[in-house]
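The structure appears below as structure tokens.
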Amino acid sequence: SGAGDEQCAARAMAAVEQYLVRRGDGIVLLLEPPFDHGARDPGYIKGYVPGVRENGGQYTHGAIWALIAYAMLGDGDRAGELFTLLNPINHSSTRAGLHRYRIEPYVAAGDVYAVPPHTGRGGWSWYTGSAAWMYRAGLESILGFQLRGDRLLIDPCIPRSWREFEITYRRGTSRYDIKVENPHGVCRGVASLEIDGKLYPSTEIVL
């Protein structure tokens, strides 16, 4: 949200990294541990079995917001890694992964289970707004393509290993060929912007 101070935000995301990102299973949990035994009642999420949906599984909306948060903090390496982790096609890149995931690998799953024997199995598919959030996270938070009315801001936060990428954008009868170069291998920061070969004084372009 941007409401917290920077030090607290960094600590919170370090806790996400420590407790919620499970690379071996290819999931990012909503919370840990799940609500199961105990007198405290968090509400309806306890109605799900532990490790499913909001009760300690991967709730994909929240996982994508974690990716966006890493990008907001300037950590392009982690933002890019989480995007790869959450990308549904990567759940079926192996035969074992395909049989574990068990749903369509070309749509975003609303949730992914986190407890054996169903760890890594996809939950709701097609019926989720997380697909739109995943698209926005990739385009706006990582590639830095941000439309604001008739203006375009280019402010990427990418993995250091990305040396360049290109975007073709059509608006009305205009076509914009955008190329971002990263020769020094940084995550964030725009050194200069050129339009038609000439230096441009701002990173916000009037379309």
- Message: Looking at every heavy atom in both Gly80 and Pro159, which two are closest together, and how far apart are they?
- Response: CA-CG, 3.9 Å
- Query: Is the shortest side-chain N to carboxylate O distance from Arg175 to Asp177 below 4.0 Å?
  - Reply: yes
- Task: Check whether any side-chain heavy atom of Pro156 lies under 4.5 Å from a side-chain heavy atom of Val180, and answer yes or no.
- Result: yes
- Do the side chains of Leu152 and Ile195 join up, straight or via other hydrophobic residues, at under 4.5 Å, putting them in one cluster? yes
- Which atoms form the tightest heavy-atom contact between Leu82 and Ala63, and what is the distance? CD2-O, 4.3 Å
- Atom of Gln58, atom of Gly26 and distance for their closest heavy-atom approach: OE1-O, 4.1 Å
- In the single-linkage hydrophobic clustering (I, L, V, M, F, W, Y; side-chain heavy atoms under 4.5 Å), do Val107 and Val28 co-cluster? no
- Message: For Thr168 and Glu166: C-alpha separation, side-chain torsions, deciding distance, then whether side chain to side chain donor-acceptor pair (under 3.5 Å) applies.
- Response: CA-CA 7 Å; Thr168 301; Glu166 297 182 22; 5.9 Å; no
- Message: With clusters defined by side-chain heavy atoms of hydrophobic residues (ILVMFWY) lying less than 4.5 Å apart, directly or transitively, does Val52 cluster with Leu29?
- Response: no
- Message: For a 4.5 angstrom cut-off between non-hydrogen side-chain atoms, does Met13 reach Tyr70?
- Response: yes
- Using the ring of each side chain (for Trp, its six-membered ring), is His61 parallel, tilted or perpendicular to Tyr59, with breaks at 30° and 60°? parallel
- Asn90 side chain to Thr84 main-chain N or O, any donor-acceptor pair under 3.5 Å? yes
- Are Leu20 and Ile27 close enough that some pair of their side-chain heavy atoms sits under 4.5 Å apart? no
- Is any side-chain heavy atom of Leu86 closer than 4.5 Å to a side-chain heavy atom of Ile64? yes
- Query: Any Lys/Arg nitrogen of Glu17 or Arg23 sitting under 4.0 Å from an Asp/Glu carboxylate oxygen of the other?
  - Reply: yes
- Task: Start with the C-alpha gap between Leu207 and Arg151, add the side-chain angles, then the distance that decides, and say whether side chain to side chain contact (heavy atoms under 4.5 Å, CB included) holds.
- Result: CA-CA 6 Å; Leu207 298 170; Arg151 296 172 186 268; 5.9 Å; no
- Task: Tell me yes or no: between the side chains of Glu54 and Tyr44, is some donor less than 3.5 Å from an acceptor?
- Result: yes
- Would you call the rings of Tyr106 and Trp126 parallel, tilted or perpendicular, where under 30° means parallel and over 60° means perpendicular? perpendicular
- Item | Atom CZ of Arg171: over 12 foreign heavy atoms under 6.0 Å | yes
- Do side-chain atoms of Thr203 reach the backbone of Leu153 as a donor and acceptor pair under 3.5 angstrom? no
- Item | Pair Lys46 + Asp41, salt bridge at N-O below 4.0 Å | no
- Path from Ile45 to Trp65 over hydrophobic side-chain contacts below 4.5 Å: no
- Message: Go through it in stages, so that I can follow the logic: the residues are Asp77 and Cys187, the test is side chain to side chain contact (heavy atoms under 4.5 Å, CB included), and I'd like the CA-CA distance, side-chain angles, deciding distance and then a yes or no.
- Response: CA-CA 7 Å; Asp77 290 327; Cys187 286; 3.9 Å; yes
- Message: For Glu6, is the CD atom crowded, meaning more than 12 foreign heavy atoms sit under 6.0 Å from it?
- Response: no
- Message: If hydrophobic clusters are built from ILVMFWY residues whose side chains come within less than 4.5 Å, do Leu67 and Phe165 share one?
- Response: yes
- Item | Over 12 foreign heavy atoms within 6.0 Å of OH, Tyr200 | yes
- Does Ser141 use its side chain to pair, donor to acceptor, with the backbone of Gly138 at less than 3.5 Å? no
- Taking side chain as C-beta onward, heavy atoms only, is Leu193 less than 4.5 Å from Leu199? no
- Is there a donor-acceptor pair under 3.5 Å between the side chain of Arg121 and the backbone N or O of Ile103? no
- Neighbour count >12 (heavy atoms, 6.0 Å) for atom OH, Tyr19: no
- Query: Do any N or O atoms from the side chain of Asn55 and from the backbone of Phe35 form a donor-acceptor pair under 3.5 angstrom?
  - Reply: yes
- Task: Look at the side chain of Asn182 and the backbone N and O of Val186, then say whether any donor-acceptor pair between them is shorter than 3.5 Å.
- Result: yes
- Could you go step by step and tell me if Arg148 and Glu204 meet the side chain to side chain contact (heavy atoms under 4.5 Å, CB included) rule? CA-CA 9 Å; Arg148 298 175 177 173; Glu204 195 172 68; 3.8 Å; yes
- Item | Side chain proximity check, Met134 to Pro88, heavy atoms < 4.5 angstrom | yes
- Give a yes or no on whether the backbone of Trp133 and the side-chain of Ser130 come within a donor-acceptor separation of less than 3.5 Å. no
- Electrostatic pair Arg163:Glu181 at N-O distance under 4.0 angstrom: no
- Message: Contact between Cys157 and Arg188 at the side-chain level, heavy atoms closer than 4.5 Å - yes or no?
- Response: yes
- Backbone of Trp124 reached by a side-chain donor or acceptor of Asp111 within 3.5 Å: yes
- Task: Answer yes or no: is there a side-chain heavy-atom contact under 4.5 Å between Val16 and Gln18?
- Result: no
